[in-house]
Amino acid sequence: MYDPTVARLTYRALLGRRRALILGALPLLLIAISVVVRGLAGADDQTAADLLGGLALATMVPIIGVIAGTGAIGPEIDDGSVVYLLSKPLKRPTIIFTKLIVAVAVTMVFSALPTLIAGFILNGNGQQIAVAYTVAALVSSIAYAAVFLLLGTVSRHAVVFGLVYALVWEALFGSLVPGARTLSVQQWSLAVAHKVAGGDLVTSDVGLTTATVLLVAVTVLATWYAGQKLRTLTLAGEE
């Protein structure tokens, strides 16, 4: 289910100079803002929770997920180079699963690690806030990578659709419309973070059991369907 050659090519594509600069911009911004906030406001648990929840989890993680998830396969489909990959004796689910692993790893490194660093800068992990939001970033990275990898497989406008979901649904509707929060990866990951932190600083509108089931279901279904679509793409090309 994992092919090292596909993984190496995918890492190379995702971590090219231009894309690496884009991936690194938001984490650097988060850390810089955290340093400024800590210098101006001191160590405050509520401020740390607000910044990590509003900037890190609600904005940075899904955007990085869009870049990594769609970038893992979308450009290859757009420029036609995926044909060379599909001509190799590799099972289509193996290709998708390998690219998913790479996308998850990249998303975690560029989102969860900066979240942890920012949390320690803001309040030294008081009330486990830094760790809680880091766990949320790790968990959501898996689901985001799977969803956006699927988008990269089925649409040539995956980046646009991904950004609409990340910035409009997650950041806007997810914070303003109660019903939309149930269908939000952000809220599912916050349920896990709430379990880690305890208390009232980290909250979610979704219960932990429901959140866990939905995170697993979305990840598995998105990965499976991406594999099916890639198989269909091969058949269309052969015809």
Side-chain angles (χ1 to χ4, degrees), residues 26-66 104-105 107-147 165-220:
L26 279 175
L28 290 175
L29 178 62
L30 172 65
I31 293 173
I33 291 176
S34 299
V35 171
V36 173
V37 170
R38 176 61 185 266
L40 294 176
D44 181 78
D45 294 342
Q46 185 63 59
T47 300
D50 291 342
L51 184 58
L52 294 179
L55 180 57
L57 195 63
T59 304
M60 182 185 71
V61 181
I63 289 179
I64 291 177
V66 169
V104 168
T107 306
M108 285 182 172
V109 169
F110 283 92
S111 61
L113 183 59
T115 298
L116 181 64
I117 294 172
F120 273 97
I121 291 173
L122 287 166
N123 76 332
N125 195 37
Q127 298 195 50
Q128 293 291 305
I129 290 175
V131 172
Y133 277 102
T134 299
V135 171
L138 290 170
V139 169
S140 60
S141 292
I142 301 173
Y144 282 132
V147 170
Y165 174 82
L167 299 179
V168 177
W169 184 266
E170 290 277 19
L172 184 59
F173 284 96
S175 61
L176 299 178
V177 182
R181 297 172 187 170
T182 306
L183 300 177
S184 167
V185 174
Q186 177 190 343
Q187 290 296 321
W188 303 342
S189 61
L190 280 173
V192 181
H194 174 70
K195 179 65 175 180
V196 175
D200 298 324
L201 286 176
V202 183
T203 60
S204 173
D205 292 340
V206 183
L208 179 61
T209 301
T210 301
T212 303
V213 171
L214 289 173
L215 282 167
V216 173
V218 165
T219 301
V220 171

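Heavy atoms only: backbone and side chains are in, while hydrogens, waters and symmetry mates are out. Keep in mind it's a predicted model, so treat the numbers as computed, not measured.
- In this structure the side chain of Pro27 reaches within 4.5 angstrom of the side chain of Ile64, judged on heavy atoms.
- Within the 4.5 Å cutoff, the side chain of Leu201 has heavy atoms near those of the Gln46 side chain.
- Annotation: the span from Leu55 atom CG to Ser34 atom OG amounts to 7.5 Å, rounded to 0.5 Å.
- A pairwise comparison of heavy atoms in Leu52 and Ala130 identifies CD1-CA, 4.3 Å as the closest pair.
- Between Gln186 and Tyr144 the shortest side-chain heavy-atom distance falls below 4.5 Å.
- Of all non-hydrogen atoms in Ala191 and Ser204, the two that sit nearest each other are N-CB, 3.4 Å.
- Side-chain contact between Val61 and Tyr133: absent, with no pair of heavy atoms (C-beta onward) separated by less than 4.5 Å.
- In terms of heavy-atom proximity, Ser141 sits nearest to Ala137 at OG-O, 2.6 Å.
- Scanning all heavy atoms of the two residues, the minimum distance from Ser184 to Tyr165 falls at CA-OH, 4.3 Å.
- Contact annotation: the side chain of Thr115 approaches that of Met60 to within less than 4.5 Å [non-hydrogen atoms, C-beta and beyond].
- Considering CD1 of Ile121 and CG of Leu116, their distance stands at 10.0 Å, rounded to 0.5 Å.
- Here CG of Leu26 is found 11.5 Å from CD1 of Ile31. Values are rounded to the nearest 0.5 Å.
- Residues Val185 and Pro62 form no side-chain contact, since every pair of their non-hydrogen atoms from C-beta on lies 4.5 Å or further apart.
- Screening Leu208, Leu214, Thr210, Leu215 against Thr212 for a side-chain contact (heavy atoms from CB on, under 4.5 Å) leaves a single residue, Leu208.
- For Gln187 against Val206, the heavy-atom pair with the smallest separation is CB-CG2, 4.1 Å.
- A side-chain contact (heavy atoms from CB on, under 4.5 Å) with Ile129 is found for exactly one of Thr134, Asp45, Val196, namely Asp45.
- At least one side-chain heavy atom of Val202 sits under 4.5 Å from a side-chain heavy atom of Leu190.
- Atom CG in Leu122 sits 9.5 Å away from atom CG in Asp44 (nearest 0.5 Å).
- Heavy-atom minimum distance, Gly54 versus Ala58: O-CB, 3.4 Å.
- Looking at Ile142 and Met108, their side chains come closer than 4.5 Å, going by heavy atoms from C-beta outward.
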